[in-house]
Amino acid sequence: MSDSTPRAVLTTESGAPIADNQNTATAGPGGPLLVQDQYLFEKLARFNRERIPERVVHARGSGAYGHFEVTADVSRFTKAHFLAEPGRRTEVFARFSTVAGNLGAADAVRDPRGFALKFYTQQGNYDLVGNNTPVFFIKDPSKFPDFIHTQKRDPYTGIQEADNVWDFWSLSPEVTHQVTWLFGDRGIPASYRHMDGFSSHTYQWVNADGAAFWVKYHFKTDQGIRNLTADEAAAIAGVDPDSHQRDLREAIDAGRFPSWTLKVQVMPVEEAAAYRFNPFDLTKVWPHADYPLIEVGRLVLDRNPENVFAEVEQAAFSPANFVPGIGPSPDKMLQGRLFAYADAHRYRLGVNHTQLAVNAPHATVAHNHGRDGAMAANAGGRAKNYEPNSFGGPYETGRPLWAPTEVSGATGTHAAPSHAEDDDFVQAGNLYRLMSEDERARLVEGLAGGLAQVSRDDIVARAIGNFRAADAEYGDRLEAAVKALRA
């Protein structure tokens, strides 16, 4: 602000001017404070409430605004308006995050990174919630709370315990693929700008003719992949715990706008049932040889938030926020998250969190019958709050956003349908064998460092057995490395 810019008058939250912001009203010059100085109580009460509950997962995050521009015609796969034609631009807000750490945790740690996008489309907001890894640890949402409990603080010690982490992992062979990713060279990105993003989940696209396809999203960083070694990360985290936050903000401020090229894998719906493994299994990738990457567009981040709390901490993403032409798949983890994400925001931010500027639609207006609740703006005014009504209120279209999915069989707690390669170890072994010798050595070193901290031999043996099932050499090298460290 220049010297010539008029200064605003300091006021209470109701707009009354403040005469003295330095001295609280007292009963005489040295007397006790007066309850009538309500400005003091307003300030103290607001200060006491400045912190809201942090996210249970993905608490530590950074964000930025930008745009997504379509660069290739994908209208044969989806009728989504924001993907309709090359050259179309849509405003976007992105939030990147670590998963396990608290709000004040360091950025440069070995942990998956959240890669969440909110597209402010003309048909409503579309949220895509993914990670920087194409797979995840588990495939059923009922296991998610248990998994996260192992990554968080132990009820007794109050710290993350290697026993808890590896006990759960060793008893859940499906984690082998993701753990191999996590302890590989891409386990600690150098920055948010130098990592890829993935939908991880499979989604449905449906075109204007009603034909449906299964899709996976891949955001390939245009800055190139850069990672940190464990030693480099430890040094950075100790000196600058905000390294990722600082890097993203400073890059955008300097005009070095980070970008990603979006590509998708597309599977015709009719091919899913006979595919060699369950295509909706979140612990699996689709080989590119089977479903090559198809370019869609380019994501660019070019504007930092003005207020981190208002726009990053209060940003709420839900995979249930779809637009016409995009919908869910039978992926069990996705199905669980359709409820869990939005419900977490209703608890943390309140039922009216969708009215906050960062979460509200930007390119259209929300019309519904939701009213009241904490912090309600009640933009509906005197309009009727029910449907159907004969007073001119918003009405249903009768046009589903996505195509129906065929189901059959009895209800119950079923295991996933069996496919020829529904195995917890095949893809983990493939990933290990794709690595160079140097990459394998670093992977084994990282895993051994964690396993060597486990107090029980049976947990260590069980975990090593899972990696040995993926690849015999993998398991043997890990066993030798753990023995060497524990000796």
Side-chain angles (χ1 to χ4, degrees), residues 50-64 94-116 129-133 136-137 144-166 168-169 175 178-179 181-195 197 226-251 304-305 307-317 340-341 344-345 347-349 446-447 449-450 453:
E50 281 184 355
R51 299 295 177 263
I52 63 176
E54 70 177 33
R55 290 169 167 86
V56 178
V57 289
H58 297 278
R60 173 65 181 159
S62 305
R95 186 178 187 271
F96 308 115
S97 55
T98 53
V99 176
N102 298 111
L103 184 59
D107 290 336
V109 295
R110 189 177 299 280
D111 199 13
R113 301 298 192 273
F115 197 105
V129 181
N131 285 325
N132 71 323
T133 60
F136 194 62
F137 297 91
F144 187 76
D146 298 297
F147 164 60
I148 294 301
H149 286 166
T150 72
Q151 307 297 302
K152 293 289 189 175
R153 300 178 186 276
D154 181 83
Y156 170 63
T157 67
I159 61 177
Q160 188 186 55
E161 293 291 345
D163 279 10
N164 300 353
V165 172
W166 286 100
F168 180 88
W169 283 356
V175 309
Q178 171 72 317
V179 173
W181 266 91
L182 181 60
F183 283 86
D185 282 356
R186 297 194 181 191
I188 315 178
S191 79
Y192 291 133
R193 297 182 297 123
H194 293 94
M195 67 182 192
R226 280 184 52 204
N227 305 295
L228 300 173
T229 66
D231 290 341
E232 290 171 336
I236 292 173
V239 174
D240 183 10
D242 303 311
S243 57
H244 285 25
Q245 163 77 6
R246 188 185 313 281
D247 175 88
L248 181 65
R249 176 180 55 80
E250 291 182 349
N304 282 315
N307 185 285
V308 172
F309 178 83
E311 299 165 85
V312 179
E313 185 63 14
Q314 292 193 128
F317 301 84
Y341 275 59
H345 303 317
Y347 160 71
R348 199 176 71 88
L349 298 171
L447 287 168
Q453 300 175 47

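Index from 1, following the sequence. Excluded from the calculations below are hydrogen atoms, water molecules and symmetry mates; all remaining heavy atoms, backbone and side chain alike, are included.
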**Asked** Hey, are the side chains of Arg348 and Pro53 touching, using non-hydrogen atoms and a 4.5 Å cut-off?
**Response** yes
**Prompt:** Quick one: does Asn102's side chain have a donor or acceptor within less than 3.5 Å of a partner on Ala105's backbone?
**Reply:** no
**Request:** Determine the minimum heavy-atom distance between Leu248 and Arg193, stating which atoms define it.
**Result:** CD1-CG, 4.1 Å
**Request:** Indicate the atoms forming the closest heavy-atom contact of Pro305 with Ala64, along with that distance.
**Result:** CD-CA, 4.1 Å
**Message:** Does this structure show an ion pair linking Arg60 with Glu313, if we count only N-O contacts that are shorter than 4.0 Å?
**Reply:** no
**Item:** Note, Pro155 side chain near His149 side chain (heavy atom, < 4.5 Å)
**Value:** no
**Request:** Hey, could you give me the CD/CZ distance between Gln160 and Arg153, rounded to the nearest 0.5 Å?
**Result:** 9.0 Å
**Item:** Beyond-backbone contact of Phe137 with Thr150, side-chain heavy atoms, under 4.5 angstrom
**Value:** no
**Asked** Using 30° and 60° as the class limits, which term best fits the ring planes of Phe147 and Phe136: parallel, tilted or perpendicular?
**Response** perpendicular
**Request:** Spell out, as yes or no, whether a donor-acceptor pair under 3.5 Å connects the side chain of Lys152 to the backbone of Val57.
**Result:** no
**Message:** With a 6.0 Å cut-off (strictly less than), is the heavy-atom count around CZ of Phe309, excluding the residue itself, greater than 12?
**Reply:** yes
**Request:** Calculate, to the nearest 0.5 Å, the distance between atoms CD and OH belonging to Gln245 and Tyr192 respectively.
**Result:** 8.0 Å
**Request:** Working to the nearest 0.5 Å, report the span between CZ of Phe115 and CE of Met195.
**Result:** 6.0 Å
**Complete:** Rounded to the nearest 0.5 Å, the CG atom of Asn304 sits from the CD atom of Glu250 at a distance of 10.0 Å
**Item:** Any Leu182 side-chain heavy atom under 4.5 Å of Thr133 side chain
**Value:** no
**Prompt:** Could you walk me through whether Phe317 and Tyr341 pass the ring pair (Phe, Tyr, Trp, His ring centres under 6.0 Å) check?
**Reply:** CA-CA 7 Å; Phe317 301 84; Tyr341 275 59; 9.2 Å; no
**Heavy-atom check, side chain of Ile236 versus side chain of Leu228, under 4.5 Å** = yes
**Message:** Checking the side chain of Glu161 only, and the main-chain atoms of Thr157 only, is there a donor and an acceptor separated by less than 3.5 Å?
**Reply:** no
**Complete:** Of all heavy-atom pairs linking Ala108 and His244, the shortest is CA-CE1, 4.2 Å
**Prompt:** Do Asp240 and Asp242 come within less than 4.5 Å of each other through their side chains, counting heavy atoms only?
**Reply:** yes
**Message:** Within the structure provided, determine whether Arg113 and Pro189 are in side-chain contact (heavy-atom separation under 4.5 Å).
**Reply:** yes
**Request:** Looking only at non-hydrogen atoms, find the nearest pair between Gly184 and Arg110 and report the distance.
**Result:** O-NH1, 3.4 Å
**Item:** Trace of the side chain to side chain contact (heavy atoms under 4.5 Å, CB included) decision for Val179 with Trp166
**Value:** CA-CA 11 Å; Val179 173; Trp166 286 100; 4.2 Å; yes
**Item:** Contact summary for Ala162 and Gly450, nearest pair of heavy atoms
**Value:** CB-O, 4.1 Å
**Request:** Please round to the nearest 0.5 Å and tell me the distance separating atom CD of Glu232 and atom OG1 of Thr229.
**Result:** 3.5 Å
**Item:** Distance, nearest 0.5 Å, that separates CH2 of Trp181 from CG of Asn131
**Value:** 11.5 Å
**Asked** Can you name the one residue among Asp107, Asp247, Asn227 that meets side chain to side chain contact (heavy atoms under 4.5 Å, CB included) with Ser191?
**Response** Asp247
**Message:** I need the minimum non-hydrogen distance between Ile188 and Ala230, along with the two atoms involved.
**Reply:** CD1-CA, 4.1 Å
**Heavy-atom check, side chain of Thr98 versus side chain of His58, under 4.5 Å** = no
